[in-house]
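All chains are named by letter (A, B, ...) in the order of the sequence lines, taking the proteins before the strands, and each is independently numbered beginning at 1.
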Protein chains: 2
Amino acid sequence: MTDINFSKSSVASDSQEAASPAPRTGEFRWDIIELLFFAYRDFVGDADHELEAFGFGRAHHRVMHFVYRYPGLKVADLLDVLRITKQSLGRVLKQLLDEGYIIQKTGNNDRRQRLLYATPKGEALVAKLAGLQTDRITRALRDINPEGVAAISEFLRAMIDRDDPDKVLEAIFGIGSKKPRE
Amino acid sequence: MTDINFSKSSVASDSQEAASPAPRTGEFRWDIIELLFFAYRDFVGDADHELEAFGFGRAHHRVMHFVYRYPGLKVADLLDVLRITKQSLGRVLKQLLDEGYIIQKTGNNDRRQRLLYATPKGEALVAKLAGLQTDRITRALRDINPEGVAAISEFLRAMIDRDDPDKVLEAIFGIGSKKPRE
DNA sequence: CAAGATATGTCAACATGACTGACATAAATT
DNA sequence: AATTTATGTCAGTCATGTTGACATATCTTG
């Protein structure tokens, strides 16, 4: 933990001491921790830039994304997926409804439920943002073979908590199969 | 883009309509997009919980992390890495200084610079949080062979913007030759 | 040396997106 | 009929980001 290879880098020259500090090393997965930070930062950055033109933020993107992807999602499902309070969701959802990106339909069985659907306008927004992110992903996967791609998918799945999965995670992981073994 | 399988999912059944909406498919990498969302959510969630006990937030974690990992980082470097304004950084940095998690040293060459270092107290915090995240990563990588791990690392690197890299990214990617170990 | 540029810090105002708590309404369940 | 559930809303707070203006110390340059 106090394994500082700092002196190693500062002996390089006086004028360099603050220019290129050498990273510490040790028993942690600093590599993956930092790669995840930067990769996610740039990944969501793609969408952030576009969203400004619509006057929306990340919160709107997340709502639009899941409503588009899982048509007929209930408000309660969305709360589970996003892990925010209904008051927080209410604000952005109201905007998206008012501006015609999402429509609500009353549930057929349970008329208390409000099932959410993306309008064509909403679909266009989601598609635009997903296109940017897909471009980045496709670029990143370009030189990776199928086994590598499978490993990436397996890794990301294994990073996700499987206890108490919400509706969307159930869909992603497949309902019933609790173990990704074969 | 208007490839909607909307009607298909909503006619599934009356009793199931809101329970398990079927995801749309298409030309996008929805799989990776959503896996990244959930994986990152749970990855940062590990630290979030611990941080509450310290009265800190994610912003404090990010600052502590990079100061610990790259001892002697300048304030300006930190601004580049975190991509926030000095006013935003100032607030959390002041707290971390006041509470003894970070110390500043005046630069030897340029006495205007404030070089940042983690105190033992700061190191302990970073190690605790990195430990949680490392546990998750180690668990996720457990059943993946070395080629797969290499593919994961390659993928995450390729997801990061390489134009205008900051000091930390230079260290991660190596300025021509240097590779960070482990 | 004087003048300007740079690194940092600070004050004030504001925006977004979280939060808690309280309460309202309609519809389903018991 | 009473209670629970799904949703919506009002009001206040907090964390963390923003812009703009300005101060101070120090380095660089004419």
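- In the 5' to 3' direction, nucleotides of DNA chain C lying under 4.0 Å from heavy atoms of chain A begin and end at C:dG17 to C:dA28.
- In this structure, A:Leu115 places its CG atom 13 Å from P of D:dA6, rounding to the nearest Å.
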Every protein N/O lying under 3.5 Å from an N/O of nucleotides 27-30 of chain D:
unit_1	atom_1	unit_2	atom_2	d
D:dC27	OP1	B:Arg111	N	2.8

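- Residues meeting the salt bridge (Lys or Arg N to Asp or Glu O under 4.0 Å) test with A:Arg91, sequence neighbours left out: none.
- Evaluation of the side chain to side chain contact (heavy atoms under 4.5 Å, CB included) rule for B:Val81 yields A:Phe38, B:Phe66, B:Asp166, B:Val168 as partners, not counting sequence neighbours.
- For residues 146-155 of chain B, the set of pairs meeting the side-chain hydrogen bond (donor to acceptor under 3.5 Å, both in side chains) definition, not counting sequence neighbours, comprises B:Ser153-B:Arg157.
- Sorted by residue number, the list of members of residues 92-102 of chain B with any non-hydrogen atom under 4.0 Å from DNA chain C is empty.
- Within residues 42-62 of chain B, the residues approaching DNA chain D are B:Gly57, B:Arg58, B:Ala59, B:His60, B:Arg62, by heavy-atom distance under 4.0 Å.
- Residues of residues 78-91 of chain B having a heavy atom closer than 4.0 Å to DNA chain D, listed by number: B:Arg83, B:Ile84, B:Thr85, B:Gln87, B:Ser88, B:Arg91.
- Taking the centre of each ring, A:Trp30 and A:Phe37 stay at or above the 6.0 Å mark.
- Applying the ring-ring contact (aromatic ring centres under 6.0 Å, His included) test to residues at least two apart or on different chains, none of the pairs has a partner in residues 124-160 of chain B.
- B:His65 and A:Glu34 share a side-chain donor-acceptor pair at under 3.5 Å.
- Contacts of A:Ala39 classified as side chain to side chain contact (heavy atoms under 4.5 Å, CB included), with partners at least two apart in sequence or in another chain: B:Leu156, B:Met159, B:Ile160.
- Checked for salt-bridge contact, B:Asp135 and B:Arg139 miss the test: no charged N lies under 4.0 Å from a carboxylate O.
- Residues A:Val63 and A:Ile102 form a side-chain contact, since some pair of their non-hydrogen atoms from C-beta on lies under 4.5 Å apart.
- Listed by chain and number, the residues in a side chain to side chain contact (heavy atoms under 4.5 Å, CB included) with B:Asp161 are A:Asp42, A:Arg136, B:Asp163 (sequence neighbours excluded).
- Across the protein-nucleic acid pair, A:Lys74 atom NZ and D:dT5 atom P stand 13 Å apart, rounded to whole Å.
- In this view, B:Arg58 and B:Val44, B:Asp48, B:Arg62 satisfy the side chain to side chain contact (heavy atoms under 4.5 Å, CB included) rule, not counting sequence neighbours.
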